[in-house]
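Predicted model, so just to flag it, every value in this text is computed and none were measured. Each residue takes its place number in the sequence, starting with 1.
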Amino acid sequence: MYLIPILEILYLATILFKNNGISSGLKNKKQLKIFLLAVCKKEGIECKKITYIFCTDSYLLTLNKAFLNHNTLTDILTFTLSEKSSSIISEIYISIERVRKNAVFFKTNFSHELLRVIIHGILHLCGYSDGTPRQKLKMRSKEDFYLSQFSFT
């Protein structure tokens, strides 16, 4: 019953994982794609194509400066390339170096932190923001909810 709608959206949406100068070490990609599409469906957004690009701190810093005029390191940047009224086309850039450092800082394992950041990007596409303390709290709550739904095995 649950699987049929997921199979339907698999034919309509694409999620890609690409490495740009650094490997993510990401496992269970097929399972993760299905899960992320289910998150989109649950949040009520229609995705056409989402490309995750795993990169270095320096690459992401260059993007952050060029597109957002921020001279700070970050773990993720999400760019929506589609018009607001159409199916989402997006590129999500994730610094693997920053995720590794954050995993140590937050005392969690790398796979868990990477999944949190991957979900974080999807949540931005779903309309969630993290610009204020209240928004950050809501975002973290959603991340925790979806992390609890994903099986690492």
Side-chain angles (χ1 to χ4, degrees), residues 2 6 9-10 13-82 88-153:
Y2 175 73
I6 297 302
I9 59 175
L10 278 175
T14 303
I15 294 182
L16 302 171
F17 300 108
K18 297 184 175 189
N19 298 327
N20 182 348
I22 193 166
S23 175
S24 67
L26 194 60
K27 308 274 189 248
N28 304 319
K29 290 178 185 174
K30 188 174 185 178
Q31 179 188 8
L32 182 56
K33 288 176 184 183
I34 292 168
F35 174 75
L36 293 172
L37 291 171
V39 170
C40 291
K41 186 168 179 66
K42 183 166 178 58
E43 292 292 332
I45 66 162
E46 186 180 324
C47 294
K48 185 173 184 180
K49 183 178 181 183
I50 300 171
T51 305
Y52 284 91
I53 299 107
F54 302 108
C55 58
T56 62
D57 273 348
S58 62
Y59 187 81
L60 201 55
L61 179 60
T62 300
L63 293 178
N64 210 7
K65 287 177 183 177
F67 292 100
L68 300 176
N69 203 26
H70 296 163
N71 190 15
T72 56
L73 293 172
T74 186
D75 53 3
I76 187 169
L77 289 176
T78 303
F79 297 101
T80 303
L81 307 174
S82 53
I88 291 177
I89 300 171
S90 175
E91 290 181 347
I92 300 174
Y93 293 82
I94 296 175
S95 168
I96 295 301
E97 293 171 324
R98 189 72 11 217
V99 171
R100 285 193 195 290
K101 289 176 183 175
N102 287 347
V104 171
F105 180 80
F106 293 121
K107 297 179 173 79
T108 189
N109 68 49
F110 171 76
S111 296
H112 188 266
E113 185 63 17
L114 180 58
L115 182 58
R116 176 182 298 282
V117 175
I118 288 170
I119 292 168
H120 184 92
I122 286 285
L123 292 174
H124 274 306
L125 296 177
C126 294
Y128 295 94
S129 185
D130 55 0
T132 68
R134 185 179 193 144
Q135 291 170 334
K136 284 180 186 177
L137 192 61
K138 176 78 171 176
M139 177 75 85
R140 183 55 67 138
S141 174
K142 281 289 187 176
E143 290 169 7
D144 289 341
F145 170 76
Y146 286 117
L147 277 167
S148 75
Q149 304 298 304
F150 186 77
S151 171
F152 284 93
T153 57

Measuring from [X]:[atom1] to [Y]:[atom2], what's the distance to the nearest 0.5 Å?
X: Leu147; Y: Ile118; atom1: CG; atom2: CD1; value: 10.0 Å
X: Leu77; Y: Ser95; atom1: CG; atom2: OG; value: 9.5 Å
X: Thr14; Y: Ile89; atom1: OG1; atom2: CD1; value: 10.0 Å
X: Phe79; Y: Ile53; atom1: CZ; atom2: CD1; value: 9.5 Å
X: Ile15; Y: Leu36; atom1: CD1; atom2: CG; value: 4.5 Å
X: Ile119; Y: Met139; atom1: CD1; atom2: CE; value: 11.5 Å

I'd like to check the side-chain contact (heavy atoms from CB on, under 4.5 Å) partners of [X]; sequence neighbours left out, ordered by chain and number.
X: Asn71; answer: Leu61, Lys65
X: Ile45; answer: Cys40, Cys47, Ile88, Leu125, Cys126
X: Thr108; answer: Ala103, Phe106, His112, Glu113
X: Thr72; answer: Asn64, His70

By salt bridge (charged side-chain N to carboxylate O under 4.0 Å, His left out), Glu43 pairs with (sequence neighbours left out) Lys142
Decide yes or no for [X] and [Y]: does some side-chain heavy atom of the first lie under 4.5 Å from some side-chain heavy atom of the second?
X: Leu32; Y: Leu26; value: yes
X: Ile92; Y: Ile76; value: yes
X: Asn19; Y: Ser24; value: yes

Under 3.5 Å, side chain of Ser23 to main-chain N/O of Gly25, donor-acceptor pair present?
->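 Pair found, side chain donor or acceptor close to backbone of Gly25.
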Closest non-hydrogen atom pair between Gly121 and Thr78, with its separation |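 For Gly121 versus Thr78, the nearest heavy atoms are CA-OG1, 3.7 Å.
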How would you list all residue pairs meeting ring pair (Phe, Tyr, Trp, His ring centres under 6.0 Å) that involve residues 37-66, not counting sequence neighbours?
->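 For residues 37-66, and leaving out neighbouring residues, the ring pair (Phe, Tyr, Trp, His ring centres under 6.0 Å) pairs sorted by first residue read Phe17-Tyr52.
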Residue pairs passing the ring pair (Phe, Tyr, Trp, His ring centres under 6.0 Å) test where at least one lies in residues 119-144, sequence neighbours excluded |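 Passing the test, one end in residues 119-144: His120-His124.
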Can you name the ring-ring contact (aromatic ring centres under 6.0 Å, His included) partners of Phe110, sequence neighbours left out?
->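 For Phe110, no residue satisfies ring-ring contact (aromatic ring centres under 6.0 Å, His included) once neighbours in sequence are set aside.
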Partners meeting side-chain hydrogen bond (donor to acceptor under 3.5 Å, both in side chains) with Asp144 (sequence neighbours left out) =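 Applying side-chain hydrogen bond (donor to acceptor under 3.5 Å, both in side chains) to Asp144 gives Arg116.
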Partners passing side-chain hydrogen bond (donor to acceptor under 3.5 Å, both in side chains) against Ser58 (at least two apart in sequence or in another chain) |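 Once residues adjacent in sequence are excluded, the partners of Ser58 under the side-chain hydrogen bond (donor to acceptor under 3.5 Å, both in side chains) criterion are Thr56.
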Would one find more than 12 heavy atoms of other residues, nucleotides or ligands at under 6.0 Å from atom CZ of Phe67?
->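 Open.
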Around atom CD of Glu46, are there more than 12 heavy atoms of other residues, nucleotides or ligands at under 6.0 Å?
->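 Count not over threshold, so no.
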Do any pairs count as a salt bridge (charged side-chain N to carboxylate O under 4.0 Å, His left out) and have a residue in residues 89-98, sequence neighbours left out, and if so which ones?
->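 Applying salt bridge (charged side-chain N to carboxylate O under 4.0 Å, His left out) to every pair that reaches into residues 89-98, excluding sequence neighbours, yields Asp57-Arg98.
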Keeping to residues at least two apart or across chains, list the salt bridge (charged side-chain N to carboxylate O under 4.0 Å, His left out) pairs with something in residues 18-32.
-> none
